[in-house]
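Notes for the one structure printed next.
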Amino acid sequence: MVICIDGPAGAGKGTVAKALAARFGWHYLDTGKLYRRLARLVLDHLAQATDDSSEGTKNEGTPRPVVTLDSQAVDAIAPMLPALCKRIAQQLATHDPQATQATQATQGTHDQSSGESASASLSLDGEEIGAVASTLAADPRVRTALLAMQQDFVAQRRQHGVVLDGRDTGTVICPDATLKVFLTASAEARARRRYEQNLANNIDCDYTATLIAIQRRDILDANRSVAPLKPACDAQHLDSTSMSEAEVLAVIMTWIDRAMPTSPTQITF
Ligand code: DC
């Protein structure tokens, strides 16, 4: 069985998907994290390339600038995609609460950039990495490179149960999912949640800047030519603007009960 939780940035997909996976002991894949991890690797690769080309002339005391991506930069990293995706695939087990402790211990959490990489100061969950991820995600070469990894994850685990979290999970990654949920909320509500989440995690944040970034990302994600942000035609829609997390979960649980041949509450692992 596969449950897809799709929707725009900040709608609460991750919270809901993780809660469902934990509730039923199912596997969980945060597909946005794959794009974010790729964004970080790409920023580090481009910063390294810039460093190498300015060797001998660089000023040691100057902070390394954050690289922003344009289409030329995406073209430049295209040949590197298979190698970068291989690294992400090696990290994939750590997304998965069902992964063994031994695997997690060997691979580390990888949620923080290791060592002194150029992107080390950027939070993996922050809007800067999100914006770079969104730019990368609009490129068909990037989507193709990450697609097989996501489909393999599902194929290997669907017997046990999988919750997929992300934009194209119900439309592209797993069109035959048991249940597809399209979770939305107003841009203001989503920005407010992100803002509060960042403050709780001690991440420097400004509400208005977060709102603008979320609105920009909505436009970019909804208007790209490949796998744009849009509900699957058979998705259940849920607007969580005025709902608590518990209320959202309660509604989705009733949908799961209805969609499953056997209620998951009757399954023992
Ligand atoms: O869900 P998120 O904010 O972590 O995702 C970051 C970006 O990655 C998002 O703006 C678009 C892209 N993305 C995607 O295109 N397809 C997915 N399945 C997940 C994320």
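Counting convention: from 1, in listed order, for ligands and their atoms alike.
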Problem set entry | Residue that, paired with Leu229, satisfies side chain to side chain contact (heavy atoms under 4.5 Å, CB included) out of Arg224, Arg167, Arg217 | Arg167
Contacting atoms of ligand 1, where contact means under 4.0 angstrom from a heavy atom of [X]:
{"X": "Asp168", "answer": "16 (N), 17 (C), 18 (N)"}
{"X": "Arg217", "answer": "3 (O), 5 (O), 6 (C), 7 (C), 9 (C), 10 (O)"}
{"X": "Arg143", "answer": "14 (C), 15 (O), 16 (N)"}
{"X": "Ser134", "answer": "10 (O)"}

Exercise. Would you say Thr169's side chain and Asp165's backbone share a donor-acceptor pair under 3.5 angstrom?
Worked result: no
Problem set entry | Within reach of ligand 1, part of Asp221 (heavy-atom separation under 4.0 Å) | side chain
Of all the non-hydrogen atoms in the protein, which one sits nearest to [atom], and at what distance?
{"atom": "atom 12 (C) of ligand 1", "value": "Ala137 CB, 3.6 Å"}
{"atom": "atom 1 (O) of ligand 1", "value": "Arg167 NH1, 3.1 Å"}
{"atom": "atom 19 (C) of ligand 1", "value": "Thr31 OG1, 3.4 Å"}
{"atom": "atom 8 (O) of ligand 1", "value": "Tyr35 CB, 3.5 Å"}

Looking at ligand 1, does any of its N/O atoms fall within less than 3.5 Å of an N/O of [X]?
{"X": "Arg224", "answer": "yes"}
{"X": "Arg36", "answer": "yes"}
{"X": "Arg194", "answer": "no"}
{"X": "Lys33", "answer": "no"}

Problem set entry | Best match, Gly32, Ala131, Gly10: closest heavy atom to atom 5 (O) of ligand 1 |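 Residue with the shortest heavy-atom distance to the ligand atom: Gly32.
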If the threshold is 4.0 Å, N to carboxylate O, is there a salt bridge linking [X] and [Y]?
{"X": "Arg190", "Y": "Asp218", "answer": "yes"}
{"X": "Lys180", "Y": "Asp234", "answer": "yes"}
{"X": "Lys13", "Y": "Asp30", "answer": "no"}
{"X": "Asp221", "Y": "Arg216", "answer": "no"}

Exercise. With distance as the sole criterion, is a donor-acceptor pair present between the side chains of Ser123 and Asp125 under 3.5 Å?
Worked result: no
Exercise. Quick check: are there more than 12 heavy atoms from other residues, nucleotides or ligands sitting under 6.0 Å from CG of Asp204?
Worked result: no
Exercise. If you draw the axis of the six-membered ring of Phe153, does the NZ or CZ of Arg157 fall within 45° of it and under 6.0 Å from the ring centre?
Worked result: yes
